[in-house]
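Encoded as structure tokens, the structure appears first; notes follow it.
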There are 2 protein chains.
Amino acid sequence: MKKFSSRYSISVHILSLVALSPTSCTSDFIAESVNTNPVIIRRIIGMLKKAGLVHVRAGAGGTYLQKELDEITLLDVYRAVEVADHEHIFNCHDETNPRCPVGANIESVFRTKMLQAQSAMEHELDQVTLKQLVSELKEKTGSI
Amino acid sequence: MKKFSSRYSISVHILSLVALSPTSCTSDFIAESVNTNPVIIRRIIGMLKKAGLVHVRAGAGGTYLQKELDEITLLDVYRAVEVADHEHIFNCHDETNPRCPVGANIESVFRTKMLQAQSAMEHELDQVTLKQLVSELKEKTGSI
DNA sequence: TCTCGATGTAATCATTATAGTTACAACGGA
DNA sequence: TCCGTTGTAACTATAATGATTACATCGAGA
């Protein structure tokens, strides 16, 4: 399967950096930690900005949190860069043969089950705040 | 985001057909209900066969269940055609900057959280047997 | 044994998402 | 005004998906 893109993990990386770094977080600075191109970072930051998670100082440069760390969950980040609310991650083939009893009803039955599974996953993401995650990062590094 | 492929929903469709159809299920017959090319069906059936869910009468034609309907869960089908056991659906960027405290530790922390979310979803899939799903299909059609 | 329908699989093609890169206009603080 | 930074557009490469054609092989039944 094609996995979720690395946009998500990079987003968490960016937000952690912004939260922890005492210096100004420019896209160049972040790109160096992530080890990718600054444009990739700017594109992702654009999505985080749209979602109201960060704001950016145009011209001057630098990204800053728009909310408190404990007000941002992993679900918020996931919604910002991967899967919008009410978007289905399980694709279902459509235009099945309506004259076949299975073809006529498989979609609604399948979708219902998949929605339950997806919700269970997203509920888990909603349980973790960036504050918790950053605190685990700090533990691992022995404080920054 | 790139969703899970329709292989999964088609697989469930195929297995339901095989379970319910009184006549022999050839790839042509199934393809007509799914409304796609028979080769697509044969490829997916090949994966279901490898997973031990069905067997196929070579030469003569026709696909048959290898297990009882209540012995196959949606997780079994998912494992057969989408995500192998221990495979991560959340990608994580690697080769981060090891000299940055965030870059050095983000991967292990992120992966742990994602694994919990993925497990929650797969657990839900494990709760549904094909027997239940087929029974819901029957209800909708008013018996086949 | 021969025929004929079905399977298994390779090869090709179009489409789409991701990821990386270059280029450049516009912004705004020093 | 200058210069570093942001915001985007444009282009390229790669990979997964889905559809399709082609064909060797299998095996049940005539």
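Just so we're on the same page: letters track the sequence lines, and every chain starts at 1.
- Ion pair E107(B)/R111(B) flagged as a salt bridge, since at least one NZ, NE, NH1 or NH2 atom sits closer than 4.0 Å to an Asp/Glu carboxylate oxygen.
- Atom CZ of R42(A) and atom C1' of dT8(D) are 9 Å apart (whole Å).
- Around the CD atom of Q116(A), the shell of radius 6.0 Å holds more than 12 heavy atoms that belong to other residues, nucleotides or ligands.
- Nearest to the side-chain atoms of S6(A) among the listed nucleotides dA19(C), dT6(D), dA19(D) stands dA19(C).
- The phosphate of dT7(C) has OP1 or OP2 within less than 4.0 Å of a side-chain N or O from S27(B).
- Applying the 3.5 Å distance criterion, the base of dG20(C) shares a donor-acceptor pair with the side chain of R43(A).
- With distances taken from any side-chain atom of V39(B) to the nucleotides dT21(C), dT17(D), dA10(C), the minimum falls on dA10(C).
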### Query
Which parts of nucleotides 24-30 of chain D does protein reach within less than 4.0 Å, heavy atoms only, written one letter per nucleotide 5' to 3' as B for base, S for sugar-phosphate only and - for none?
--BSS--
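- In this structure, I10(B) and T26(A) both approach DNA chain D, and ranking their closest nucleotides by distance from the 5' end singles out T26(A).
- The CD1 atom of I41(A) sits 11 Å away from the P atom of dA19(C) (whole-angstrom rounding).
- The CZ-C1' distance, from R7(B) to dT17(D), rounds to 8 Å in whole Å.
- As a whole-Å value, the separation of Y8(B) OH from dG18(D) P is 15 Å.
- Legend: ring-ring contact (aromatic ring centres under 6.0 Å, His included) pairs involving residues 14-37 of chain B, not counting sequence neighbours: none detected.
- Between K49(A) and dG7(D) there is a side-chain N or O to OP1 or OP2 distance below 4.0 Å.
- The side chain of I40(A) has dG20(C) as its nearest neighbour among dG20(C), dT20(D), dT7(C).
- The CG atom of N37(B) sits 13 Å away from the C1' atom of dT9(C) (whole-angstrom rounding).
- Straight-line distance from the CG atom of D28(B) to the P atom of dC4(C): 18 Å, rounded to whole Å.
- Within 4.0 Å (heavy atoms only), G46(A) reaches no atom of the nucleic acid at all.
- H13(B) and S33(B) form a side-chain donor-acceptor contact under 3.5 Å, judged by distance and modelled atom types alone.
- Using the six-membered ring where Trp is involved, Y78(B) and F4(B) have ring planes that are tilted, between 30° and 60° apart.
- One can place CD1 of I89(B) at 16 Å from C1' of dA16(D), the figure rounded to the nearest angstrom.
- Rounded to whole angstrom, the span from the CG atom of D94(A) across to the P atom of dA19(D) amounts to 10 Å.
- A salt bridge is absent between K113(A) and E124(B): the closest approach of a Lys/Arg side-chain nitrogen to an acidic carboxylate oxygen does not fall below 4.0 angstrom.
- Every side chain to side chain contact (heavy atoms under 4.5 Å, CB included) that S16(B) has, sequence neighbours left out, goes to V102(A), I106(A), V12(B), L133(B), V134(B), L137(B).
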